Amino acid sequence: MCQHSNTLLHFLRHVSFPPDAHLLPSALKSCPAQPLARALHAAAAVSGLAEDPFVASSLLHTYLRLGATSDARGVFERMPDKSVVGWSALIAGYSARGDAEAAWGLLERMRSAGMEPNVITWNGLVSGLNRSGSALNAVKALVRMHGEGFLPDATGVSCALSAVGDVKEVSVGEQLHGYVVKAGCRLDQHVVTALIDMYGKCGRADEISHVFHESSHMDVASCNALVAGLSRNAQVSEALLLFSEFVSRGVELNVVSWTSIVACCVQNGKDLEAVDLFRKMQSKGIEPNSVTIPCVLPAFANVAALMHGRSAHCFSLRKGFLHDVYVGSALVDMYAKCGKVRDARTIFDAIPSKNTVSWNAMIGGYAMHGEAANAVQLFCLMQKCKQKPDLVTFTCVIGACGQAGLTEEGRRYFNEMQHSHGISPRMEHYACMVTLLGRAGKLDEAYDLINEMPFEPDGCIWGSLLGSCRVYGNVFLAEVAAEKLFELEPENTGNYVLLSNIYASKKMWDGVNRVRDQMKNMGLKKEKGCSWIEIKNKVHMLLAGDNSHPMMTAITEKLKQLTIEMSRLGFAPSTDFVLHDVEEQEKDDILAVHSEKLAVALGLISTSPGTPLRVIKNLRICGDCHEAMKFISCFEGREISVRDTNRFHHFKDGKCSCGDYW
């Protein structure tokens, strides 16, 4: 209890004048805690004022406000004349606790006592149940309210719409929308916000924009609801457009607004936009909070913006956010994905109260870097610390074993997950096992495991098998896996390209042409390779075959110099990784402009000798680029880290941390 309450209690024990019917309600209205309310109640009882209707009503509402429902019930039961206001308040109180049974029971008692509920009673019932998280009960109450001829007001509609959205009953929401229009409250700002929120939760992105443009409400609440609703429905471009409109019109947005749009961008793959918005947020004088930081850190990680990540780390340190387990876990993930796994471990060790998310972030970081021994060691420490591993933990551990070729250890953890921890394998665990067996060359065993799965395998499973077939050149199983993938993911160009590369590596040009024609007939184009590199606190994006970068002439010249040196020292491009059956020189030219090579060349000409380079790529690194990176790391004396869709490749002195398997 606070010091203020203690002082008042001490005062009450020593006052010699009796309280009156005007003083007590005033004191109760400002009462901050249950013990003080009970002391005031006792003073009222001693003075004989507890039966006064005004005092009793004040006691009832005070207890309900402070969450003391049983005390409120006691006061109510002793009231000689129970009013509609009292009944309604108590029903709303039990509803807010989520005790629907007690609330409905009071409603029936109210009627038995000859007192009919009014719209305030029903609004309190619906809104209370909704606030308590009992959305389904709130919708049932709304339906019954309507059935008995009661129509909610603007406040009641707002609460009802929130509940409707939570249970995704869009037909009920549409009926409420119709009622709102007829009742003339469609322009009420709370109703507009609630409609946007409801349609967003129900997956009706078209209606979100319609409601907003119809109302033209430009306030912070509608902005937050708009961004959240559009983000849920992957309408990130529309969200960005409307958000910029709010900003340009001078609407005073808050930290929630900016955090929401940053999160929207990150969740929908607009990482550079998220980074830019985070900077704009600060330039507008809006200070990030402990929710903003974990939202933006994945964006820094996804585009290798290490310096931005370090700045967020320093900011969190100054503001005392590092004690927040979610901030700490996000920093661990950011450093690991930016290639700084040692820094990630330092942050992890400093988190005071680790949860499963923290452990998973660090174990996953080790797995990403191919450090299986450290991942397994940390997994054992996790269990010693009495932290229970979950589905994600085992995905990370089995994945780490797969990256390092620890086949038997991976099997053991897969079995341990089921028999020792009671966790049934999910799709991602089977995918890890297929990768694990595939790395060991046990492709037939991997295929048997797929056929024994208790549910239908998805694209991730077949994709794992296809990737392993590429490494070992197993055309038969590659065709089996690809056929399944073409059914499951007909528009995923990566699967077609991977099968083509397998055909190309075997000089099976008929197969290459067949896949190429299939892609052409379906209107599919190979996804362009894209790489990011951070230089002097600025993130550069390089696209394969794109000459728009202002330094492209210098980049191309540097690549030519490297190509000459590689040729002079006996390095020949591995042209098996080019899709088309073209002349060898043309293949060399195609390989020369892969995005990771462009990014590394930019790094070489833009940084001082010996500076490590960190590159992130949106696709799997091809074999030729992998060999080229090994050569460049040795020839230029640089450490080069490349993160592709599978893992990190750390190139140093002509060698890669992956052991040439990925």
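What you see is a predicted model, and the numbers here were worked out from it, not measured in a lab.
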Taking only Lys NZ, Arg NE, NH1 and NH2, and the carboxylate oxygens of Asp or Glu, determine whether [X] and [Y] approach each other closer than 4.0 Å.
| X | Y | value |
| --- | --- | --- |
| Arg411 | Glu445 | yes |
| Arg412 | Glu409 | no |
| Asp653 | Lys630 | no |
| Lys442 | Asp448 | no |

Is any side-chain heavy atom of [Y] closer than 4.5 Å to one of [X]?
| X | Y | value |
| --- | --- | --- |
| Phe321 | Ile293 | yes |
| Thr407 | Cys401 | no |
| Lys617 | Cys530 | no |
| His626 | Cys658 | yes |
| Asn268 | Gln235 | no |
| Val615 | Leu542 | no |
| Ile632 | Val600 | yes |
| Gln418 | Ile423 | no |

Say you draw a straight line from [atom1] of [X] to [atom2] of [Y]; how long is it, rounded to the nearest 0.5 Å?
| X | Y | atom1 | atom2 | answer |
| --- | --- | --- | --- | --- |
| Asp276 | Cys265 | CG | SG | 9.5 Å |
| Ser257 | Asn224 | OG | CG | 3.5 Å |
| Asp349 | Lys354 | CG | NZ | 6.0 Å |

Does the [X] side chain pair with the main chain of [Y], one donor and one acceptor, at a distance under 3.5 Å?
| X | Y | value |
| --- | --- | --- |
| Arg643 | Lys337 | yes |
| Asn233 | Gly229 | yes |
| Asp458 | Ile461 | yes |
| Asp644 | Asn618 | no |
| His429 | Ile398 | no |
| Ser132 | Leu129 | yes |
| Thr611 | Thr607 | no |

**Asked** Would Lys319 and Glu287 satisfy side-chain contact (heavy atoms from CB on, under 4.5 Å), going step by step from the backbone distance to the final call?
**Response** CA-CA 10 Å; Lys319 294 295 177 181; Glu287 191 172 89; 3.1 Å; yes
**Request:** Would you please indicate if the ring centroids of Phe243 and Trp258 are separated by under 6.0 Å?
**Result:**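 They qualify: ring centres under 6.0 Å apart.
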**Item:** Near-ring test Trp359/Phe348, centroid separation under 6.0 angstrom
**Value:** yes
**Complete:** Paired with Ser641, the side chain to side chain donor-acceptor pair (under 3.5 Å) test is passed by just one of Arg614, Lys652, Lys340, His650, namely His650
**Request:** Check the pair Arg638, Glu636 against salt bridge (Lys or Arg N to Asp or Glu O under 4.0 Å), reporting the backbone distance first and the verdict last.
**Result:** CA-CA 5 Å; Arg638 300 279 193 124; Glu636 294 282 345; 5.1 Å; no
**Message:** Would you call the rings of Phe455 and Tyr430 parallel, tilted or perpendicular, taking 30° and 60° as the class edges?
**Reply:** perpendicular
**Prompt:** What class does the angle between the rings of Phe486 and Tyr496 fall in, given that below 30° is parallel, 30 to 60° is tilted and above 60° is perpendicular?
**Reply:**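 Answer is parallel, since the angle falls under 30°.
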**Prompt:** Would Arg342 and Glu371 count as a salt bridge (Lys or Arg N to Asp or Glu O under 4.0 Å) if you check the C-alpha gap in whole Å, the side-chain angles of each, and the deciding distance to 0.1 Å?
**Reply:** CA-CA 11 Å; Arg342 301 290 164 263; Glu371 297 189 19; 3.0 Å; yes
Assess, by modelled atom type and distance only, whether the side chains of [X] and [Y] contain a donor and an acceptor separated by less than 3.5 Å.
| X | Y | answer |
| --- | --- | --- |
| His421 | Gln383 | yes |
| Arg345 | Tyr366 | yes |
| Ser162 | Asn130 | yes |
| Thr393 | Asn360 | yes |
| Ser633 | Glu639 | no |
| Thr356 | Gln387 | yes |

**Prompt:** So Lys484 and Glu487, salt bridge (Lys or Arg N to Asp or Glu O under 4.0 Å) or not? Walk me through it.
**Reply:** CA-CA 5 Å; Lys484 294 289 186 181; Glu487 291 175 14; 5.0 Å; no
**Request:** Identify which one of Phe315, Phe300, Phe278 satisfies the ring pair (Phe, Tyr, Trp, His ring centres under 6.0 Å) criterion when paired with His308.
**Result:** Phe300
**Asked** Does atom NZ of Lys270 have more than 12 heavy-atom neighbours from other groups under 6.0 Å away?
**Response**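 Check fails, neighbour count at 12 or below.
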**Message:** To check you understand the geometry: which heavy-atom pair defines the closest contact between Asn302 and Ile616, and what is its length?
**Reply:** O-CG2, 3.6 Å
